[in-house]
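What follows is a single structure, written as structure tokens, with notes after it.
Treat the numbers as computed from the prediction; the structure is a model and nothing was measured. Proteins get letters first, then strands, A, B, ... in listed order; numbering begins at 1 in each.
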There are 2 protein chains.
Amino acid sequence: MRNLIDVQRKLLPDLLNIMQKRYEILQHIRLMQPIGRRTLSTNLGISERVLRSEVQFLKEQNLLDITPTGMSLTAEGSDVLKQLEDMMREVLGLKELEKKIKNRLQLRDVIVVAGDSDQSPWVKKEMGRACVARIKELLEGNTIVAVTGGTTLAAVAEMMTPDSKYRDVLFVPARGGLGEDVKNQANTICARMAEKAMGRYRLLHVPDQLSHETYQSIIEEPAIKEVLDLIKASSIVIHGIGDAKTMAERRKTAPEEMEKIEKNRAVAEAFGYYFDQEGKVVHKVNTVGIQLEDVQKVKHVIAVAGGASKAKAIKAYMKQAHHSVLITDEGAAKELIRD
Amino acid sequence: MRNLIDVQRKLLPDLLNIMQKRYEILQHIRLMQPIGRRTLSTNLGISERVLRSEVQFLKEQNLLDITPTGMSLTAEGSDVLKQLEDMMREVLGLKELEKKIKNRLQLRDVIVVAGDSDQSPWVKKEMGRACVARIKELLEGNTIVAVTGGTTLAAVAEMMTPDSKYRDVLFVPARGGLGEDVKNQANTICARMAEKAMGRYRLLHVPDQLSHETYQSIIEEPAIKEVLDLIKASSIVIHGIGDAKTMAERRKTAPEEMEKIEKNRAVAEAFGYYFDQEGKVVHKVNTVGIQLEDVQKVKHVIAVAGGASKAKAIKAYMKQAHHSVLITDEGAAKELIRD
DNA sequence: CACATTTGGACTTTATTTGTCCCGCTGTGA
DNA sequence: TCACAGCGGGACAAATAAAGTCCAAATGTG
């Protein structure tokens, strides 16, 4: 059955919404029957008119009776509802997860896709697609989109599709070099995403490790400065979240910094910042680009991260990012609400 | 899985149609890839514009690639299609049955509902609902609807629902007494149906067994004659089909008539007419009302009959009723296409 | 008997789908 | 190399469906 639902989720994504809506209507009617339209509509939080259409439909399907006293389920309606209950648990699993996480972590919005990216790599792509869909909702006119690096963001870039909306969109890397592999660098991903979107992009060519003097002079270079200004002006930021240890190891982190990270019990990493489990910054990679205080001023911040193994990191980072949207997967989501 | 599909058939009947549409699109693309919109749309028999919307959707779901050479499935699309194939066989079962029967029996239209009314009595109600839905499609202005008797027609009456469309509809019994039980008589059912529909009705009060003289004089009675004229003017006829033997036994058929029926190998009964397996009339109950030759001139004739045991009768009757619409159930349908 | 609910009809407004036409691109065969 | 057929996709009008709004008739309840 899980199979069928998954296929349907692909083939008719809004089917689930409609199914859920009708399910809730039946559920409420069973609970409060006989009940009138007005009472029910306020109870369900949907407009009376749409409830009316739905109810009319359900009546035609012989699932409910409609009398001057109010509406109530027919025997058939009870049967259907009973069967529905089982399957809705599966169908709705993800939506419920989203709600729970949104409440528990106090986030602006949460999107959970099926699967666990620790186990099945294609789940990252699903998160990517969800992210792309979300971005498209946010676009208006000449938006600047800042992106970071990481394998998850690479998946987002891979799932990007061209759209006329992107005509005036500019992609920029959020921060300079953080010591990553080329294929996971913000620059690379930024370019890839822009190409896929058929949009424009600018890159930030700043070497990884710099002395203080060189650093000061390089950020005064007009070409660099221009890009940095664009980054600060971005209205959408898309970033990944990493496990602190993994990220520190993946980057060529100096031993003394490594020690600092470990000593302060950093668990999460994002933007080159390391966070402990309370969401406090305990270390920061020194590079140009957007800073954490800038991020908090950006209109739309989207964090993309999944896999059960990343749950701790996500939880820690999100403690100081309540105005972000989180896109994650079932694996991480289940861990997030475990305790 | 069958469970889920059944519930969905109830809860979102048109979503399954969309699912089918998308399934067929994917199927055709796999077969003919790479293929262009225009070619594909003529092939599928849908307008190019709606195909375009569908294709765009499928592209967004990452199920197909779209290139200047044409459209082709992605790996994901192939997977989904593969999984779909299994479940569509179940989803589409009834539709395929409908098509096959329509072609094989050369009928105007066929509707098949799930189940077998021999085994589960509620299936008759399903046929009833399907019939009612069909009737509503046909109504226009002040229509006259003629109905016969029988348990199936009783179910149709039971499933009738009021509608503003019925304001100018008049229900009449198709033929006079045929020797049935009161609750299965055309008169009873006609009245019941009209009540449920909140429509008007006229009845035909003619005793069962009449001498020739009385018969001649009674049909000249103004009150009777008026109803008979209405019956002949009806534009919709709804009737059941019975097994000849069963019907003959149920009615108080005289022994010599019984013999005639058996001798001529009657298998089907409808309207008080008995048919052999070639669809030839072999006997006829003598009563007033619509006659077989009148039926053939009526605009819309709907035959409602289900249950595996009735398949033979349905087949026989339908041999001479090609312009009818048949509403039946899965049980009968499977028998109908067996050989 | 009056009141508070109920459903359901009717009409307007808004959103979505579909039809229609056309443009620019690309691979193919002359 | 060039022309052409077939491709996708943009743009806008027309048709259709959904939702908002208001009101009338009916019915159970105090």
Side-chain angles (χ1 to χ4, degrees), chain A residues 12-15 17-18 21-22 25 28-29 32-60 62-74 136-137 139 161-168 196-199, chain B residues 12-15 17-18 21-22 25 28-29 32-74 77 136-137 139 160-168 195-199:
Chain A
L12 333 121
D14 44 345
L15 162 135
N17 295 326
I18 301 176
K21 183 163 69 178
R22 293 185 179 159
I25 292 173
H28 276 72
I29 290 179
M32 314 168 73
Q33 60 188 324
I35 184 177
R37 267 203 323 248
R38 277 164 254 270
T39 328
L40 183 57
S41 71
T42 55
N43 237 297
L44 282 162
I46 59 182
S47 101
E48 191 189 328
R49 191 59 179 81
V50 327
L51 175 65
R52 185 171 159 185
S53 316
E54 291 300 332
V55 157
Q56 192 174 338
F57 167 84
L58 292 172
K59 184 185 123 204
E60 269 160 24
N62 218 293
L63 300 176
L64 52 82
D65 265 339
I66 211 157
T67 68
T69 342
M71 302 172 286
S72 45
L73 294 188
T74 61
K136 286 196 184 177
E137 284 175 20
L139 290 180
T161 54
D163 195 315
S164 56
K165 285 177 189 163
Y166 288 120
R167 191 163 296 163
D168 297 309
K196 283 267 186 180
M198 312 274 281
Chain B
L12 339 115
D14 43 343
L15 269 287
N17 293 331
I18 300 177
K21 184 164 66 177
R22 294 187 178 156
I25 291 173
H28 276 73
I29 290 179
M32 313 169 73
Q33 60 188 328
I35 184 177
R37 268 206 322 251
R38 281 163 253 269
T39 327
L40 184 56
S41 71
T42 55
N43 237 298
L44 282 161
I46 59 182
S47 100
E48 190 191 329
R49 192 59 179 80
V50 329
L51 174 65
R52 183 171 160 187
S53 316
E54 291 301 332
V55 158
Q56 192 175 337
F57 166 84
L58 293 171
K59 184 186 124 202
E60 270 160 25
Q61 296 299 313
N62 219 298
L63 299 177
L64 53 82
D65 265 340
I66 211 156
T67 68
T69 341
M71 303 172 285
S72 45
L73 295 188
T74 62
K136 285 196 185 177
E137 284 174 20
L139 290 180
M160 181 61 76
T161 54
D163 195 312
S164 57
K165 285 178 189 163
Y166 287 120
R167 192 162 294 164
D168 299 312
E195 275 168 17
K196 283 266 186 180
M198 311 273 281

What is the distance from [atom1] of [X] to [atom2] of [N], rounded to the nearest Å?
X	N	atom1	atom2	answer
B:I29	D:dC7	CD1	P	12 Å
A:Q56	C:dT7	CD	P	12 Å
B:I66	D:dG6	CD1	P	18 Å
A:N43	C:dT6	CG	C1'	16 Å
A:F57	D:dA17	CZ	P	16 Å
B:L51	D:dG9	CG	P	12 Å
A:M71	C:dT5	CE	P	15 Å
A:N17	D:dA18	CG	P	16 Å

Ignoring hydrogens, what is the shortest heavy-atom contact between A:S72 and A:I29? Give both atom names and the distance. CA-CG2, 3.8 Å

Work out which heavy atom in B:N62 is nearest to a heavy atom in B:T74; give both atom names and the distance. O-OG1, 2.8 Å

Is atom CD of B:Q56 surrounded by more than 12 heavy atoms (other residues, nucleotides or ligands) closer than 6.0 Å? no

Member of B:L58, B:I25, B:D65, B:L40 meeting the side chain to side chain contact (heavy atoms under 4.5 Å, CB included) criterion with B:M71: B:L40

Could you check A:R49, A:K59, A:K21 and say which one makes a side chain to side chain contact (heavy atoms under 4.5 Å, CB included) with A:E54? A:K21

Taking the side chain as every heavy atom from C-beta outward, state whether B:E195 and B:M160 have any pair of such atoms under 4.5 Å apart. no

Mind checking if A:I35 touches a base, just sugar-phosphate, or nothing, with heavy atoms under 4.0 Å? sugar-phosphate

Distance check: side-chain N/O of B:K59 vs OP1/OP2 of D:dG9, anything under 4.0 Å? yes

Quick one, give me the B/S/- string for nucleotides 10-30 of chain C, reading 5' to 3', where B means a protein heavy atom under 4.0 Å from the base and S means that only happens at the primed atoms, P, OP1 or OP2. B-------BBB-----S----

